[in-house]
Amino acid sequence: MNRRIRIDQLDLDLRGVDPAVAEAAVHLLGPALQAQFSERLGGFESASRVDAGRVAPTGEPQALATRLAQRIAQGIAQGSAPRVAPNTAES
């Protein structure tokens, strides 16, 4: 089983999120992704593109980073394909 995940590009649309919250959440995203991937059992499929969908904005950077990481990990685990970025503009 391959224990590496390579993300070449991650596009986040954080319109509607307070800029300070968005910046802090982006800094917390790496550790949040690591936690999500380490919790998941089984392998991940290769996917050239993953659409993680929309995530409701929150005023807490850690909560936003965790939600984004959950959606990204779910998208990778399911091998979805249509688009690349989670869109957090709308709830």
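Under the side-chain hydrogen bond (donor to acceptor under 3.5 Å, both in side chains) criterion, E23 pairs with no residue at all, not counting sequence neighbours. The side-chain contact (heavy atoms from CB on, under 4.5 Å) check on E60 picks up T58, A63, with sequence neighbours excluded.
When side chains are defined from C-beta on, L29 counts as touching L10, because their heavy atoms get closer than 4.5 Å.
Judged purely by atom type and a 3.5 angstrom limit, D13 uses its side chain to pair as donor or acceptor with the backbone of R15.
In plain terms, the two heavy atoms of P61 and A25 that are nearest each other are O-CB, 3.6 Å.
To the nearest 0.5 angstrom, I72 atom CD1 is 14.0 Å from R67 atom CZ. For the atom pair CG of L68 and CG of L33, the computed distance is 8.5 Å after rounding to the nearest 0.5 Å.
Residues L28 and V26 are members of separate hydrophobic clusters, defined by side-chain heavy-atom contacts under 4.5 angstrom among Ile, Leu, Val, Met, Phe, Trp and Tyr.
In summary, the side chains of T66 and Q70 do not present any donor paired with an acceptor at a separation below 3.5 Å, with no hydrogens or angles considered.
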